[in-house]
Amino acid sequence: YDALLLSLTGAKGAITLAVLLTIPVSLASGQLFPERDLILFLASGVIVLSLLLTNIAVPLIAPKKNDALPPESELLAILDIYRTVIYQLAESVGDADKMATNEVIRHYTNRISTMRENNDCTDPIEDALRIRVIDWDAQHTLELIDENKVSTIVGLLYLNQISHIKARIEHHNPIRWELRSIFTLIRHSMGAKKRIRQIKRTHGWAASKRLNRRTASFELRGLMFENLRYTSEQLAELCADPSSDEDTRKLAEQMIAEFQRRLNRGHTRRSPNNAQRHYEKQLLATQARALAFERDAIEAALNKGALSRERAKIMRDNVAMMELDIEDQLE
């Protein structure tokens, strides 16, 4: 179906017209080009018929624009998606990852309970607060770059990551922070090149390449933890602000707890507790598997007409945003 639709909506007649324009009126001997008028007639007919076929057939087979579904219907569909994820996780659980799978199942069960209580599918207050947190991250990263506390390359990598997360929340292309990062990179490029040349002269090209990768990975991780601490402080100030509404304060407290858990996981990874590190990896892998199940369930609900295209797009973007966060924690 998709291949047929793409074939019919492709460029029609462009190549044919280009070939027609290359047919000469006469040959090198001065004789008229044989059957030139017939070729022009047949090619023009192909172009016209292709355009007519496209205008007639595409509206018939193109997917119809979904009307907005009732909120209650979409709520039931989303709850069914979460139940499907729980069922698939329970079916695929093994002895090795049983504890991590139970934790993820508990998380989806809590989401079902929360949606039933709130009777709402999205939380614009949470989205707005997460956007503010990302803006704090970006601004603090730029300040660290200006103060030469973070290398420009590492800062650019981090800004690129959070710009994609912000774009998933706002559903647009992540270009603002990337453009700003590029200008910052240009401003600091001379110092970065000088540092790289010094490392190459001291350790050689191969050694400097390994050193740069190891240093960049360590510095990127340190930058992430520094921003977690910084945004936690900003959220704490937001909670203490009497002008903040109650819902925002509750979400801020939840985010502070979430960031503190991530900081604790980071410290645990540096500790010699292999069992804890193994459990954290299993938990992240199980969460990634659950998100894959959720994406498949969203597509199935969309194909059945239980979800509108707009709602399905928002849910897919949220899944992609959480997958980016898991990838960052796995690195």
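Below, each value reflects all heavy atoms present in this structure, side chains not excepted, and no hydrogens, waters or symmetry copies. Remember, predicted model here, so these are calculated numbers, not experimental data.
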Hey, quick one: are Ile298 and Tyr87 part of the same hydrophobic cluster, counting side-chain heavy atoms closer than 4.5 Å, chains of contacts allowed? no

Sequence-distant partners of Leu53, side chain to side chain contact (heavy atoms under 4.5 Å, CB included), two or more places apart: Leu8, Ala57

Between atom [atom1] of [X] and atom [atom2] of [Y], what is the distance when rounded to the nearest 0.5 Å?
X      : Y      : atom1 : atom2 : answer
Gln287 : Gln282 : CD    : CD    : 12.0 Å
Lys313 : Ser308 : NZ    : OG    : 12.0 Å
Leu75  : Asp80  : CG    : CG    : 11.5 Å
Cys239 : Gln234 : SG    : CD    : 11.5 Å
Ile78  : Arg83  : CD1   : CZ    : 11.5 Å

Give the ring-plane orientation class for Tyr108 versus Tyr82, where under 30° counts as parallel, over 60° as perpendicular and anything between as tilted.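 The arrangement is perpendicular - the two ring planes meet at more than 60°.
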
[Y] side chain reached by [X] side chain, heavy atoms, under 4.5 Å:
X      : Y      : result
Val150 : Glu226 : no
Asp137 : Leu159 : no
His107 : Arg111 : yes
Asp296 : Gln88  : no
Glu253 : Leu235 : no
Asn227 : Tyr158 : yes
Ile256 : Thr231 : no
Asp135 : Gln139 : no

For Phe293, check ring-ring contact (aromatic ring centres under 6.0 Å, His included) against everything at least two apart and list the hits.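 With neighbours one apart ignored, the set is empty.
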
N/O donor to acceptor pairs below 3.5 angstrom from side-chain atoms of residues 28-46, sequence neighbours left out:
residue, atom, partner, partner atom, Å
Arg36, NE, Pro24, O, 3.2
Ser44, OG, Leu40, O, 2.7

Residues, nucleotides or ligands: over 12 heavy atoms within 6.0 Å of Glu310 CD: no

So that I can tick it off, tell me whether Arg249 and Glu246 are bridged by a salt bridge, with the cut-off set at under 4.0 angstrom between side-chain N and carboxylate O. no

